[in-house]
Visitor: 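Have a look at this one before I ask anything.
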Amino acid sequence: MARAAAKSHVRADSSDRAANTRVAAVFGEIADLLEVEGQNPFRVRAYRNAAHELGALGRDLAAMVAAGEDLTELPGVGEDLAGKICEIVDTGSCAALDELHATWPASIHDVMRVPGVGPRRARTLFERLAVRTLADLHAAATKQQIRELPGFGATSERNILDALAGLLGTGRRLPLAEARVHGERLLARLRGAPGVIEAVIAGSYRRALATVGDLDFLVTARAKNGAIAALVGAPDVAHVLAEGDTRATVVLRSGLQIDLRVVGRDSFGAALHYFTGSKAHNIAVRRLGVARGLKINEYGVFRDECRVAGRTEESVFAAVGLPFIPPELRENRGEIAAARAGELPQLVTSADLRGDLVLVPAKSEPSGLVTAAAVAARARGLAYLLVVHEVPARSHAAVDWPARIHAAAEACAERGLAALQGLELDMASKTCPEVVVDFVAARLSHVAHAPAHAALLRLVGPTRASDEGPDPTPLVRLALGAALAVVGEPAQLPRLEPQLRTARAEGVAVVLGSGGEPGGGEASRLDLAVSQARRAWIEPGEVVNSRPLAEVRAVLARRGASRRRAGP
DNA sequence: GCCGTTTTCGGCCCGACTGTTTTCAGTCG
């Protein structure tokens with residue numbers, strides 16, 4: 001045991017949460033193989049739940065093991081799984097999984113992930129046709145062997161080939177802003193369909209997750225309606241996966257999957273809650289219902305056979321003794337306990353903002369950019385702009401900074417907006433322009449010496465949309481006493497929630513901004529930034545640009561008041 | 001395998017759709 005403890009101590013020194021990922025992966029694989037084996041479904045679910053919980057855990061499992069903490073305190077973890085977590089952290093492997101691998105190949109996981117092939121069919125394919133891999137599956141389907149199996153037919157075989165050819169959705173998650181474009185177009189089409197009363201988008205889209213895997217449409221309609229027909233007949237539908245009286249699933253040419261549910265008016269609230277999720281939140285709410293003798297499903301809240309709520313979401317929450325919980329919080333990450341205690345945060349809204357943040361790249365002319373941002377800001381009823389001039393790490397040509405500052409000030413004044421202006425230094429900057437500004441900002445890509453006089457910090461990093469990047473905590477801490485600038489640039493969205501969550505935990509104030517990019521028809525970047533702040537439980541008081549200009553000036557002047565004149 | 005405002009045993013969300021059946025299992029969300 002001493003040896004194992006020493007090993008885990010070494011692992012615990014790494015600051016990432018690699019152990020969590022590893023444990024979640026092992027539990028997920030055990031769940032898959034137990035399911036193929038036909039084991040007790042609740043046992044399978046226990047592994048799957050634990051994998052999900054641990055994958056989203058904010059703490060490092062390796063560190064917890066090293067510190068000898070009681071792992072059974074973790075949600076979904078009992079004596080048995082606690083032991084397996086220690087085993088995986090200490091040895092990197094798990095005997096239970098090795099045992100399953102003696103019977104079932106690891107690659108069977110891929111086979112059962114093919115749409116239309118689940119654990120039972122994967123087992124049949126393995127036992128009857130020795131299908132171990134996707135290549136085996138393709139070969140068997142091509143040779144028309146699958147149609148001969150019990151429970152399969154020619155259609156199933158065809159569907160498997162289609163799935164393997166990548167026809168049934170790309171599986172890739174779409175950035176929220178991009179999904180919004182598809183979503184709004186379909187929404188308009190559904191609203192125009194005969195008999196439709198109301199159409200909304202639920203799911204992770206409504207929870208404002210930075211990326212969405214599919215779009216869940218919910219429609220209330222009269223008994224006879226054309227909602228399903230409107231969806232399957234939409235021009236960019238590539239495949240119809242399911243089409244019934246009350247639900248349909250299609251895949252668009254872009255690869256985006258669309259699910260549609262049609263419910264009666266009295267069920268709207270229950271259905272909206274049900275299809276907004278998250279799954280973990282729903283299960284927790286249904287549990288509360290069970291404790292009160294209530295059954296909650298997408299049609300309503302029922303005591304025995306009698307419907308007691310469901311027309312509105314508020315009525316569903318009220319039935320289990322809770323106030324309305326905003327969709328962005330519904331992740332079963334403490335929102336239910338907070339709601340019960342009457343301690344839900346008053347989330348920031350777009351209407352709370354009084355100013356926007358504009359970034360002016362060194363290579364751009366300030367006046368055009370700032371004018372466009374000022375026009376947009378006026379249209380939203382904002383009062384001021386924070387104009388941040390990016391200073392390149394190395395200046396190749398002489399830049400007339402006073403002229404740029406002046407041009408931006410003019411552009412704001414012309415639109416009746418106040419402006420606070422700052423220079424944003426790259427952390428590698430060797431030089432600092434000599435010009436009078438209201439504040440100094442800094443952009444950081446990794447932990448370094450943040451300029452002590454920087455009042456506003458912005459974290460920049462790789463632009464891969466799917467990558468949340470490393471733990472932002474050390475970087476965010478550099479903004480203590482200053483403010484963290486968060487810009488709703490679509491490609492950066494997945495990084496914002498962790499940054500904002502950390503900012504809140506560390507007591508760092510934030511500035512939410514559009515960056516001033518010309519938005520065109522796409523979703524407003526300011527609203528995208530706000531959506532991620534809401535997911536991070538941020539309240540208006542934590543948002544600097546929800547305050548009047550004078551207060552903002554004071555906040556930004558706290559640091560480096562003596563350094564207003566940036567430069568030597 | 002986990003968990004407890006009916007519980008340390010007996011539950012664990014559940015309804016829609018498809019394909020293959022001839023009354024239902026498997027899959028999905």
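Residue numbering restarts at 1 for every chain, and letters A, B, ... go by the order of the sequence lines.
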Visitor: Just the rounded figure in Å: distance from P of B:dC13 to CG of A:Leu288.
Guide: 13 Å

Visitor: Would you mind classifying the nucleic acid contact of A:Val117 as base, sugar-phosphate or nothing, using non-hydrogen atoms under 4.0 angstrom?
Guide: sugar-phosphate

Visitor: Within a radius of less than 6.0 Å around CZ of A:Arg189, do more than 12 heavy atoms belonging to other residues, nucleotides or ligands occur?
Guide: yes

Visitor: Determine the interatomic distance between C1' on B:dT23 and the same-named atom on B:dC17; round to the nearest Å.
Guide: 16 Å

Visitor: When you look at CD of A:Glu79, are more than 12 heavy atoms from neighbouring residues, nucleotides or ligands closer to it than 6.0 Å?
Guide: no

Visitor: B:dC2, OP1 or OP2 - any side-chain N/O from A:Lys84 closer than 4.0 Å?
Guide: no

Visitor: What are the residues of residues 118-135 of chain A, sorted by number, that bring a heavy atom to within less than 4.0 Å of DNA chain B?
Guide: A:Gly118, A:Pro119, A:Arg120, A:Arg121

Visitor: Taking a pair as Watson-Crick or G-U wobble with both distances under 3.5 Å, which nucleotide is matched to B:dT8?
Guide: none

Visitor: Run the salt-bridge test on A:Arg147 and A:Glu157 with the 4.0 Å N-O cut-off and return the result as yes or no.
Guide: yes

Visitor: Would you classify A:Ala284 as touching base, sugar-phosphate or nothing, given that sugar-phosphate means primed atoms plus P, OP1 and OP2, and contacts are heavy atoms under 4.0 Å?
Guide: nothing

Visitor: Give the rounded distance in Å between these two atoms: CZ of A:Arg287 and P of B:dC13.
Guide: 7 Å

Visitor: Could you name each residue pair satisfying salt bridge (Lys or Arg N to Asp or Glu O under 4.0 Å) that touches residues 234-256 of chain A, not counting sequence neighbours?
Guide: A:Arg185-A:Asp236

Visitor: With a 6.0 Å cut-off (strictly less than), is the heavy-atom count around CZ of A:Arg340, excluding the residue itself, greater than 12?
Guide: no

Visitor: Just to confirm, is there a sub-4.0 Å distance from OP1 or OP2 of B:dT20 to any side-chain nitrogen or oxygen of A:Thr155?
Guide: yes

Visitor: If only side-chain N and O atoms of A:Ser156 are considered, is one of them under 4.0 Å from the OP1 or OP2 phosphate oxygen of B:dT20?
Guide: yes

Visitor: Is A:Glu127 salt-bridged to A:Arg123, going by a charged N under 4.0 Å from an acidic O?
Guide: yes

Visitor: Return no unless some side-chain N or O of A:Gln257 is found under 4.0 Å from OP1 or OP2 of B:dG29.
Guide: yes

Visitor: For A:Arg535, does its backbone N or O pair with a side-chain atom of A:Arg207 as donor and acceptor, under 3.5 Å?
Guide: no

Visitor: Would you say A:Asn49 reaches B:dC2's phosphate, i.e. side-chain N/O to OP1/OP2 under 4.0 Å?
Guide: no

Visitor: Nearest of B:dA16, B:dG29, B:dC13 to any side-chain atom of A:Thr246?
Guide: B:dA16

Visitor: Starting at atom CG of A:Leu81, determine the distance to atom C1' of B:dC3, rounded to an integer number of angstrom.
Guide: 13 Å

Visitor: By nearest nucleotide on DNA chain B, pick out whichever of A:Ile228 and A:Gly293 is the more 5' one.
Guide: A:Gly293

Visitor: Determine, for A:Arg261 against A:Glu298, whether the closest basic-nitrogen to carboxylate-oxygen distance falls under 4.0 angstrom.
Guide: yes

Visitor: Does CZ belonging to A:Arg128 count more than 12 external heavy atoms closer than 6.0 Å?
Guide: no

Visitor: Are any of the side-chain nitrogens in A:Glu313 or A:Arg330 under 4.0 Å away from the carboxylate oxygens of its partner?
Guide: yes

Visitor: Please report the distance separating the P of B:dG10 from the corresponding atom of B:dC28, rounded so that it comes out in whole Å.
Guide: 34 Å

Visitor: Residues from residues 96-103 of chain A sitting under 4.0 Å of DNA chain B, heavy atoms only?
Guide: none

Visitor: Does the B:dG29 base have a donor-acceptor partner in the side chain of A:Asp216 within less than 3.5 Å?
Guide: no

Visitor: With rounding to whole Å, what would you report as the distance between B:dT21 and B:dG26 at their P atoms?
Guide: 12 Å

Visitor: Donor-acceptor pairs under 3.5 Å, side chain of residues 263-274 of chain A to any protein atom, not counting sequence neighbours: which ones?
Guide:
from, atom 1, to, atom 2, distance (Å)
A:Asp266, OD1, A:Arg311, NH1, 2.3
A:Ser267, OG, A:Tyr299, O, 2.9
A:His273, NE2, A:His281, NE2, 3.1

Visitor: Just the rounded figure in Å: distance from P of B:dC12 to CG of A:Asn40.
Guide: 13 Å

Visitor: Evaluate whether atom CD of A:Glu99 has more than 12 neighbouring non-hydrogen atoms of other residues, nucleotides or ligands under 6.0 angstrom away.
Guide: no

Visitor: Does A:Asp245 reach a base, just sugar-phosphate, or nothing at all? Heavy atoms under 4.0 Å.
Guide: sugar-phosphate

Visitor: Base of B:dC13, side chain of A:Arg286 - is there a donor-acceptor contact under 3.5 Å?
Guide: yes

Visitor: With sequence neighbours left out, what residues match A:Glu148 under side chain to side chain contact (heavy atoms under 4.5 Å, CB included)?
Guide: none

Visitor: Quick check: does any side chain N or O of A:Asp98 sit under 3.5 Å from a backbone N or O of A:His101, one acting as donor and the other as acceptor?
Guide: no

Visitor: For the C1' atoms, the ones on B:dG29 and on B:dC13, what distance do you get once it is rounded to whole angstrom?
Guide: 12 Å

Visitor: Would you mind reading off the distance between A:Ile283 atom CD1 and B:dG29 atom P, rounded to a whole angstrom?
Guide: 15 Å

Visitor: Can you tell me, in whole Å, how much space there is between the C1' of B:dT20 and that of B:dA25?
Guide: 9 Å

Visitor: If you measure from the P atom in B:dG1 to the same atom in B:dT5, how many Å do you get, rounded?
Guide: 23 Å

Visitor: Return the value, rounded to whole Å, for the distance between atom CZ of A:Arg147 and atom P of B:dT20.
Guide: 10 Å

Visitor: Take the protein atom CZ of A:Arg45 and the nucleotide atom C1' of B:dC28, then report the distance between them rounded to whole Å.
Guide: 14 Å

Visitor: Can you work out whether A:Pro75 or A:Gly244 has the more 5'-proximal nearest nucleotide on DNA chain B?
Guide: A:Pro75

Visitor: Roughly, in whole Å, what's the span from CG in A:Leu149 to P in B:dA25?
Guide: 19 Å

Visitor: Below 4.0 angstrom, which residues in residues 266-281 of chain A have at least one non-hydrogen atom near DNA chain B?
Guide: A:Tyr274, A:Lys279

Visitor: Work out how far the C1' atom of B:dT8 is from that of B:dC3, and round it to whole angstrom.
Guide: 10 Å

Visitor: Contact class for A:Arg261 (heavy atom, under 4.0 Å): base, sugar-phosphate, or nothing?
Guide: sugar-phosphate

Visitor: Between B:dG11 and B:dA16, how far apart are the P atoms? Round to whole Å, please.
Guide: 24 Å

